[in-house]
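Here's the structure we're looking at; comments come further down.
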Amino acid sequence: MNTESSWASHGGTLSVHTHDSDVCGGSMRFAVYAPPQAKVREVPIVWYLSGLTCSWANVMEKSGLQAAAAKFGLMVVAPDTSPRGETVADDEAYDLGQGAGFYLSATQAPWSKHYRMDAYITDELQALVKKEFPANPDAQGITGHSMGGHGALTLHLKHRELYKSVSAFSPITSPTLVPWGQKAFSAYLGEDKDTWKSYDALELVKENSSSANMLIDTGSADQFLEEQLKPELFIEACEQNKQSLNYRMQPGYDHSYYFIASFIADHLEHHATILNS
């Protein structure tokens, strides 16, 4: 692991790192905010998964999460949204290719060579963070925004013993039914739609709900609300399958980081309440 940058922040440390990934077949980058409590003990971890086109920088530079993470004693780890580099397959569109990994393992060429973000986050990066940072591996939560909200919900539902708490901002909860997901899944997974279901939070909740209480915030003025997010479908599925869900529609907020910055402290408190118990 190579440390590229490091800054003091709210008594803790924000650092950016690169390492060679066997899972993704190249160099990967991630950021870590270690709160001041990490100087004296292991602390709970919250994984933050970013949305389309984003990297570690969006959440660490725009959300202001460091103040709340320091208050609640949480380490926040922000992986990249996809493999990157000249040898990594890409697409001219913003919603496919580099920056748009969708937190899955691709099975179709040319994507399958590098695009294995779910295995990277739940296996390889897990091991690296445990080795290099004072993190408590038995107290982990996961959250994310938009495509990253999709990732947070699906990774929790598939690894609920690993991620004991979960939340999301404006998540794509039914990707098999909306344009963003259909485009990405067709490219990465092929046209057999049965294979898509294991990466769809709506389908996963129907199959086996989680004992966790999910917290989700979405803005009523989100420009993607009706076409890409369709929260009513997920809310209904959770009600029918007894999934504990606190879905908050926030009046006047859009899809931006102004929205995330407004509620990030609520989400970190949600995780801290569960992980610090």
Side-chain angles (χ1 to χ4, degrees), residues 1-5 14-33 45-61 76-133 140 142-156 158-159 162-163 168 171-172 175 180-190 195-196 198-200:
M1 187 183 76
N2 177 56
T3 300
E4 289 190 337
S5 304
L14 169 61
S15 53
V16 182
H17 312 272
T18 57
H19 72 109
D20 291 330
S21 167
D22 291 333
V23 172
C24 293
S27 180
M28 294 293 290
R29 179 177 284 107
F30 66 99
V32 176
Y33 177 71
I45 316 164
V46 175
W47 296 79
Y48 183 93
L49 308 185
S50 294
L52 290 166
T53 75
C54 295
S55 69
W56 68 268
N58 297 75
V59 68
M60 292 299 186
E61 294 177 352
V76 180
V77 180
D80 207 343
T81 49
S82 79
R84 299 178 191 257
E86 293 183 0
T87 63
V88 176
D90 199 9
D91 189 89
E92 293 182 355
Y94 76 96
D95 53 359
L96 187 68
Q98 295 187 35
F102 269 85
Y103 304 102
L104 51 74
S105 286
T107 59
Q108 305 298 303
W111 315 105
S112 56
K113 184 177 180 180
H114 297 286
Y115 285 74
R116 295 187 285 272
M117 289 302 296
D118 55 343
Y120 169 69
I121 291 168
T122 60
D123 185 9
E124 188 176 41
L125 191 55
Q126 281 275 332
L128 184 62
V129 168
K130 291 174 189 176
K131 176 184 177 183
E132 299 288 346
F133 298 92
Q140 299 193 56
I142 193 164
T143 187
H145 172 229
S146 193
M147 178 187 71
H150 141 76
L153 294 174
T154 56
L155 292 183
H156 163 74
K158 295 164 76 171
H159 305 276
L162 180 60
Y163 304 111
I172 308 169
W180 273 339
Q182 291 168 342
K183 178 179 180 178
F185 287 5
S186 293
Y188 297 144
L189 303 173
T195 66
W196 298 7
S198 63
Y199 296 108
D200 187 311

Does any non-hydrogen side-chain atom of [Y] lie less than 4.5 Å from one of [X]?
| X | Y | result |
| --- | --- | --- |
| Leu155 | Leu49 | yes |
| Thr107 | Ser112 | no |
| Phe30 | His19 | yes |
| Glu124 | Ser21 | yes |
| Phe102 | Tyr199 | no |
| His17 | Glu132 | no |
| Trp180 | Met147 | no |
| Leu162 | Trp47 | no |

- prompt: Can Gln126 and Gln140 be said to form a side chain to side chain contact (heavy atoms under 4.5 Å, CB included), step by step?
  reply: CA-CA 10 Å; Gln126 281 275 332; Gln140 299 193 56; 2.8 Å; yes
**Check against side chain to side chain contact (heavy atoms under 4.5 Å, CB included), Val59 and Tyr33** = CA-CA 11 Å; Val59 68; Tyr33 177 71; over 6 Å; no
Could you tell me which non-hydrogen atom of [X] sits nearest to which non-hydrogen atom of [Y], and how far apart they are?
| X | Y | value |
| --- | --- | --- |
| Thr18 | Glu4 | CG2-OE2, 3.1 Å |
| Leu96 | Asp90 | O-OD1, 4.0 Å |
| Met60 | Ala78 | CE-CB, 4.1 Å |
| His114 | Gly25 | CE1-O, 3.2 Å |
| Gly144 | Ala152 | N-CB, 3.9 Å |
| Thr81 | Gly51 | CG2-O, 3.5 Å |

Starting at [atom1] of [X], measure out to [atom2] of [Y] and round the result to the nearest 0.5 Å.
| X | Y | atom1 | atom2 | result |
| --- | --- | --- | --- | --- |
| Leu125 | Lys130 | CG | NZ | 10.5 Å |
| Gln98 | Asp91 | CD | CG | 10.5 Å |
| Met28 | Leu128 | CE | CG | 11.5 Å |
| Ile121 | Arg116 | CD1 | CZ | 13.5 Å |

Examine distances only and state if a side-chain atom of [X] and a backbone atom of [Y] form a donor-acceptor pair shorter than 3.5 Å.
| X | Y | value |
| --- | --- | --- |
| Tyr115 | Tyr103 | no |
| Trp56 | Ser50 | no |
| Asp118 | Ser105 | yes |

Check the orientation of His150 and Phe185. Use parallel for under 30°, tilted for 30 to 60°, and perpendicular for over 60°.
tilted
Exactly one candidate in Asn58, Ile142, Thr143 meets side chain to side chain contact (heavy atoms under 4.5 Å, CB included) with Tyr48; the answer is Thr143
Lys183 meets the salt bridge (charged side-chain N to carboxylate O under 4.0 Å, His left out) criterion, sequence neighbours left out, with Asp95
Sorted by chain and residue number, the salt bridge (charged side-chain N to carboxylate O under 4.0 Å, His left out) partners of Asp80 (sequence neighbours excluded) come out as Arg84
